[in-house]
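Single-structure report; data block below.
Start at 1 and go down the list; that is how both ligands and their atoms are numbered. In this text, all values refer to a predicted model and were calculated from it rather than measured experimentally.
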Amino acid sequence: MPAGGSPPGACPCHERPGGVSWHVLGAGSLGSLWATRLHRAGIPVRLILRDRQRLAAYQRSGALTLVEQGVASRHAIAAQSIDANEPIRRLLLASKAYDAQAAAAQLARRLSRDAEVILLQNGLGSQDEVALRLPQARCLFASSTEGAFRDGDWRVVFAGHGHTWLGDPHDPTPPDWLQHLQQAAIPHTWSPDILARLWRKLALNCAINPLTVLYDCPNGGLEQHPVEVATLCAELVELLQCCGQPAAAENLLEDVWRVIRATAANYSSMHQDVARGRRTEIAYLLGYACAAANRHRLALPHLQALQRRLLEHLAARGLPRH
Ligand code: NAD
Ligand code: KPL
């Protein structure tokens with residue numbers, strides 16, 4: 001058995017039908033959602049877990065469980081701890097934005113020279129932090145509207161069908177492993193301008209999520225605050241244009257209202273984090289937007305006031321400011 005790793009219930013020869021293995025870091029919501037679907041399609045996958053205790057716990061459980069439309073299926077995916085020695089050529093890094101850089105630093109010694117790393121983080125900023133840590137790898141960025149949550153250890157519930165856009169800001173050539181996503185029925189599109197996608201999603205999140213936290217309401221509750229939403233969108237449009245992202249700025253306000261109405265009964269991810277006393281990804285959303293405005297010496301008073309109010313709100317609840 002290799003140091004730091006073992007495939008529960010799986011034969012290693014069956015795990016590698018001649019292809020490059022996917023390594024998936026983070027058996028959280030999206031990492032588990034990807035790993036189980038890839039595994040189900042017969043594509044070799046390895047889970048990378050935080051340490052040997054987590055690995056031992058996973059091995060006791062024996063599998064990841066995927067729940068889709070109330071139906072559970074078990075997937076005995078091979079796993080290893082982060083300190084294993086197996087080289088990595090294709091990595092899905094599916095951590096929160098604030099954990100991505102440290103995870104990348106821990107894995108750097110294991111990445112081969114032709115490694116590809118798919119960064120599945122919300123917001124902006126973590127992708128560049130990781131790319132700096134992994135100069136030998138091709139870093140691809142992803143932006144996803146799929147929804148998943150964990151309802152227990154090693155269990156993930158597929159909660160919302162969506163789509164994932166992937167791209168490489170430095171190289172428009174699509175990777176050949178996109179066919180694996182096709183085989184695994186992971187809806188996706190190769191995006192020649194992934195930064196525009198990520199900026200647009202960031203702008204949507206900045207216009208919606210902080211207000212839902214401050215007003216303690218589901219997304220639809222923002223219908224009561226149309227002027228605040230419109231003022232923030234106007235400043236976000238200025239920011240996007242100033243940052244060379246005019247496509248991401250187009251019809252932002254209309255799109256924000258479309259999302260608010262389409263998700264009216266849902267609580268935003270930031271609201272859910274705060275309600276559960278969990279760290280938010282604020283530094284990679286509103287924090288990133290405000291830092292970009294400062295870099296460009298752009299005065300965006302409402303966005304900056306929103307950041308101050310949100311930081312005070314988090315501090316009052318003992319939650320980190322970053
Ligand atoms: P999550 O917290 O459920 O999962 C992250 C996992 O990474 C956790 O299991 C954590 O233990 C693991 N991890 C962190 N550092 C690690 C390390 N060094 N070694 C090993 N494991 C490590 O998060 P998630 O909900 O899957 O979100 C991942 C990203 O995707 C976030 O940026 C989130 O905003 C974004 N996103 C999530 C959803 C969703 O529905 N869950 C939808 C769209 C976007
Ligand atoms: O992505 C979101 C989130 O909750 O994080 C939406 C639904 C777009 C709200 O901003």
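At a threshold of 4.0 Å, the pair Glu228-Arg309 counts as salt-bridged, since one of the basic side-chain nitrogens sits closer than that to a carboxylate oxygen. We find that Asp83 and Arg50 are not joined by a salt bridge, their nearest charged nitrogen and carboxylate oxygen being 4.0 Å or further apart. Ion pairing of Asp273 with Arg279 is absent here, as no side-chain N (NZ or NE/NH1/NH2) approaches a carboxylate O to less than 4.0 Å. A salt bridge is defined here as a Lys NZ or Arg NE, NH1 or NH2 lying under 4.0 Å from an Asp or Glu carboxylate O, and Arg321 with Glu312 fails to meet this definition. Under a 4.0 Å N-O distance rule, the pair Asp255/Arg258 qualifies as a salt bridge.
Counting only non-hydrogen atoms, the option in Gly26, Ala104, Ala103, Ser32 that gets closest to atom 6 (C) of ligand 1 is Gly26. Remark: among candidates Ile208, Leu211, Asn219, the nearest residue to atom 7 (C) of ligand 2 is Asn219, based on non-hydrogen atoms. Closest heavy-atom approach to atom 37 (C) of ligand 1 among the candidates Leu25, Leu30, Val156, Ile48: Leu30. One option in Ala159, Ser95, Ala100, Ala148 has a heavy atom closer to atom 28 (C) of ligand 1 than any other, and that option is Ser95. Relative to atom 18 (N) of ligand 1, the option among Lys201, Gln106, Gln272 with the closest non-hydrogen atom is Gln106. Looking at Glu146, Met270, Arg50, it is Arg50 that brings a heavy atom closest to atom 10 (C) of ligand 1.
Looking only at side-chain heavy atoms (C-beta outward), Gln69 and Phe158 stay at 4.5 Å or farther from each other. Residues Thr36 and Arg40 are not in side-chain contact: their nearest non-hydrogen atoms beyond the backbone lie 4.5 Å or more apart. Between Arg54 and Asp51, the closest side-chain pair of non-hydrogen atoms falls below 4.5 Å.
Each of the atoms 43 (C) of ligand 1 lies under 4.0 Å from some heavy atom of Ser144. In the vicinity of Ile82, heavy-atom distances shorter than 4.0 Å reach the ligand 1 atoms 18 (N), 19 (N). Of all atoms in ligand 1, numbered sequentially from 1 with element shown, those under 4.0 Å from a heavy atom of Gln121 are 32 (O). The atoms of ligand 2 that sit less than 4.0 Å from any heavy atom of Val259 are 8 (C). Proximity to Leu120 (heavy-atom distance under 4.0 Å) selects the following atoms of ligand 1: 29 (C), 30 (O). In the vicinity of Arg150, heavy-atom distances shorter than 4.0 Å reach the ligand 1 atoms 1 (P), 2 (O), 3 (O), 9 (O). Counting the atoms of ligand 2 from 1 in the order shown, those under 4.0 Å from a heavy atom of Ser268 are 4 (O).
Among protein heavy atoms, atom 23 (O) of ligand 1 sits closest to Lys96 NZ, 3.5 Å. Nearest non-hydrogen protein atom to atom 2 (C) of ligand 2 is Asn205 ND2, 3.3 Å. In this structure, the protein non-hydrogen atom closest to atom 4 (O) of ligand 2 is Ser269 N, 2.8 Å. Scanning all protein heavy atoms for the shortest distance to atom 3 (O) of ligand 1 gives Ser29 N, 2.9 Å. Ranking protein heavy atoms by distance to atom 4 (O) of ligand 1, first place goes to Gly28 CA, 3.2 Å.
Hydrophobic clustering (side-chain heavy atoms under 4.5 Å, transitive across Ile, Leu, Val, Met, Phe, Trp, Tyr) keeps Val157 apart from Ile186. Each of Tyr98 and Leu285 belongs to its own hydrophobic cluster when Ile, Leu, Val, Met, Phe, Trp and Tyr are linked at side-chain heavy-atom distances under 4.5 angstrom. In the hydrophobic clustering of this structure, Tyr267 does not group with Met270; members are Ile, Leu, Val, Met, Phe, Trp, Tyr whose side-chain heavy atoms approach within less than 4.5 Å, directly or through other members.
Backbone and side-chain nitrogen or oxygen atoms of Asn209 are examined, and one is located within less than 3.5 angstrom of a nitrogen or oxygen of ligand 2. On a distance-only criterion, Glu281 and ligand 1 share at least one N/O pair closer than 3.5 Å. Close N/O approach between Gly147 and ligand 1 is not found [any backbone or side-chain N/O within under 3.5 Å]. An N or O contact shorter than 3.5 Å is missing between Tyr267 and ligand 2 by distance.
Donor-acceptor pairing under 3.5 Å is lacking for the side chains of Trp257 and Glu223. Remark: the Gln304 side chain and the Asn294 side chain contain an N/O donor-acceptor pair separated by less than 3.5 Å.
Contact detail for Arg200 and Asn251: the closest heavy-atom pair is NH2-O, 3.5 Å.
If you look at Trp165 and His163, their ring centroids are closer than 6.0 Å.
The side chain of Lys201, and not its backbone, has at least one atom closer than 4.0 Å to an atom of ligand 2 (non-hydrogen atoms only; side chain from C-beta on).
No heavy atom of Ser269 sits closer than 4.0 Å to any atom of ligand 1. Proximity of Ala94 to ligand 1 is established by a heavy-atom distance of less than 4.0 Å.
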